[in-house]
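Presented below is the structure to which this report refers.
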Amino acid sequence: MYGKIKEHLKNELQSIKDAGLYKNERVIVSPQDAVIRLSSGQEVLNFCANNYLGLSNHPELIQAASEALHSHGYGMSSVRFICGTTDLHKILEQKIAGFFGTEDTILYAACFDANGGIFEPLFGEEDAIISDSLNHASIIDGVRLSKAKRFRYNNADMIDLEKQLQLAKEARFRVIVTDGVFSMDGNVAPLDQIHLLAKKYDALVMVDECHSAGVVGDTGRGVTELFNIRGEVDIITGTLGKAFGGALGGFTTGRREIIELLRQRSRPYLFSNSLPPAVVNAGIKMFDMMARTSELQEKLHHNTAYFIAEMTAAGFDIKPSKSAICAVMLYDAKLSQEFAAQLLIEGIYVIGFYYPVVAQGQARIRVQLSAAHQQDHLEKAVSAFKKVGKSLGLIH
Ligand SMILES: *Cc1c(COP(=O)(O)O)cnc(C)c1O
């Protein structure tokens, strides 16, 4: 039975390799941190994790996780509505709502599930979903699962968004959906303008804050803080897998009735296991930390500004960014791979991205800054970029 499909799969894999698109996974043998050890034995500075606040290996979170292992055990062995809800899950949901200034929160196993389970329960065929062209794959999949009419506007293009809102005028309900920060350029969605257009055309707004929560805004409350519209966005989704400790877990936070209906109807919530207590308790600790101090945001913002200023002064072509993502534009796919390989030899771990992950002719190296980076890490990274940039004839 397997023989025929096996041949087919082998051909498929070969064609991925032939196209140069095969993804290899590098093995890390240390905790995720600013400095990591690879299975080759090499120690490198990590500039490609979503560890924006440097919490992935934070002693207070490890302590909180280990305390919950002893107080609440290892696994929940249940979905939330059967017997998978602990006091910790309820506390974490309220902490998240407090952080974003929203009314209520529902936890998921991942933000992929939060986005996968948001549209189908809320929007039917009479409704319209108006989605940014660069939205995350999980939003695209989630939209596909609903029967609503789909409209797409060019990335952060408000003229196009208005056009789509006019086209969607007849729908019963309209919702505008956007990432807060787009992961490849690091640009922030113009949420102030989106908010105004939503008012003008009577639409809801949903923002996926995966790359912006914890990062954007003076205290890291995300794009709603940056644009001073905290509590005014109807739906926010986010992850505990990036800035917020990096383990796993997703959430939707927003209007009370929306969250209440999701608990009744959202399929990834109803039919998938509850988050383990250790992860939940570390999450509680993390939000307590955020409520206490914005030190990590200050350090992250300082690190990002420093890195971008130094790289720009060195002559690199950097995309404007308001996040902790810095796209070093190289335009050529092969060059991006060569550049990243040489940086790794210099002890700097970054990834070069090219088509189809980014548009044709838009290859780049994506650098992700972290509060875990120390000044000497940043200096070492900039000087490695300069050295490789010179040797490849990109800068003088
Ligand atoms: C990472 C990411 C997700 C998925 O989050 P997980 O919790 O890892 O499933 C969803 N949306 C955006 C914009 C992301 O960057």
Query raised in the report: Checking Asn135 side chain against Ile140 main chain: does a donor-acceptor pair fall under 3.5 Å?
Result: no

Query raised in the report: Short question: side chain of Ser146, backbone of Phe119 - any donor-acceptor pair under 3.5 Å?
Result: no

Query - Chi angles and distances behind the side chain to side chain donor-acceptor pair (under 3.5 Å) call for His377, Asn303 - result: CA-CA 10 Å; His377 297 152; Asn303 284 353; over 6 Å; no

Requested in this report: Give a yes or no on whether the backbone of Glu93 and the side-chain of Thr105 come within a donor-acceptor separation of less than 3.5 Å.
Outcome: yes

Query raised in the report: Shortest non-hydrogen contact from Ser138 to Asn115?
Result: OG-ND2, 3.0 Å

Report task. Report yes or no: does Asp104 contribute a side-chain atom to a donor-acceptor pair with the main-chain N or O of Ile259 at less than 3.5 Å? Result -> no

Requested in this report: Would you mind checking if Glu260 and Arg263 are paired as a salt bridge, meaning a charged N to carboxylate O distance below 4.0 Å?
Outcome: no

**Report entry** Atom CG of Asn228: over 12 foreign heavy atoms under 6.0 Å
**Finding:** no

Report task. Test Leu204 against Leu122 for side-chain contact (heavy atoms from CB on, under 4.5 Å), laying out the working first. Result -> CA-CA 11 Å; Leu204 299 173; Leu122 298 178; over 6 Å; no

Query raised in the report: What is the minimum heavy-atom distance between Tyr52 and Ala324, and which atoms define it?
Result: CD2-CB, 3.6 Å

**Report entry** Over all atoms of both residues, closest heavy-atom pair of Gly214 and Ala243
**Finding:** CA-CB, 4.4 Å

Query - Gap separating the CG atom of Asp208 from the NE2 atom of His136, nearest 0.5 angstrom - result: 7.0 Å

Requested in this report: Quick one: do Arg267 and Glu120 satisfy salt bridge (Lys or Arg N to Asp or Glu O under 4.0 Å)? Show the steps, please.
Outcome: CA-CA 9 Å; Arg267 291 163 68 83; Glu120 188 264 342; 5.3 Å; no

Query raised in the report: Would a line drawn from the ring center of Phe81 to the ring center of Tyr269 be shorter than 6.0 Å?
Result: no

Query raised in the report: Should the pair Phe47 and Phe307 be assigned to parallel (<30°), tilted (30 to 60°) or perpendicular (>60°) ring geometry?
Result: parallel

Query raised in the report: Just by modelled atom types, is the Gln362 backbone N or O under 3.5 Å from a matching donor or acceptor in the Arg364 side chain?
Result: yes

Report task. Could you tell me the separation between the CG atom of Leu343 and the CD1 atom of Ile348, rounded to the nearest 0.5 Å? Result -> 7.0 Å

Query raised in the report: Can you name the nearest heavy-atom pair linking Ile345 to Gln42, along with the distance?
Result: O-NE2, 4.1 Å

Report task. Kindly give the heavy-atom pair with the smallest separation between Ala114 and Thr252, and that separation in Å. Result -> CB-OG1, 3.6 Å

**Report entry** Glu298/Thr293 under side-chain contact (heavy atoms from CB on, under 4.5 Å): CA gap, chis, key distance, verdict
**Finding:** CA-CA 10 Å; Glu298 280 158 30; Thr293 165; over 6 Å; no

Query raised in the report: Would you find a donor on one side and an acceptor on the other, under 3.5 Å apart, between the side chain of Ser336 and the backbone of Gly352?
Result: no

Report task. For the pair Glu60 and Arg292, evaluate salt bridge (Lys or Arg N to Asp or Glu O under 4.0 Å) and give the outcome as yes or no after the intermediate values. Result -> CA-CA 14 Å; Glu60 280 188 52; Arg292 207 167 60 227; 3.7 Å; yes

Query raised in the report: What heavy-atom pair brings Leu107 and His89 nearest, and what distance separates the two atoms?
Result: CD1-O, 4.0 Å

Query raised in the report: Please walk me through it: do Thr85 and Arg80 pass side chain to side chain donor-acceptor pair (under 3.5 Å)?
Result: CA-CA 5 Å; Thr85 299; Arg80 289 287 299 275; 2.7 Å; yes

Query raised in the report: Can you list the steps and then say if Lys285 with Glu67 is a salt bridge (Lys or Arg N to Asp or Glu O under 4.0 Å)?
Result: CA-CA 11 Å; Lys285 183 58 129 193; Glu67 279 168 16; over 6 Å; no

Query - Backbone of Gly217 reached by a side-chain donor or acceptor of Gln297 within 3.5 Å - result: no

Query - CA sep, side-chain torsions, deciding dist, call: Phe244, Phe287, ring pair (Phe, Tyr, Trp, His ring centres under 6.0 Å) - result: CA-CA 8 Å; Phe244 292 153; Phe287 282 104; 4.9 Å; yes

Requested in this report: Take Phe251 and Phe99 through the test ring pair (Phe, Tyr, Trp, His ring centres under 6.0 Å) and record every step on the way to the result.
Outcome: CA-CA 12 Å; Phe251 56 84; Phe99 182 85; 8.6 Å; no

Requested in this report: Output yes when a side-chain donor or acceptor of Ser131 lies under 3.5 Å from a complementary backbone atom of Tyr153, and no otherwise.
Outcome: no

Query raised in the report: For Val205, does its backbone N or O pair with a side-chain atom of Asp234 as donor and acceptor, under 3.5 Å?
Result: yes

Query raised in the report: Taking the side chain from Arg174 and the backbone from Lys169, do they hold a donor-acceptor pair closer than 3.5 Å?
Result: yes

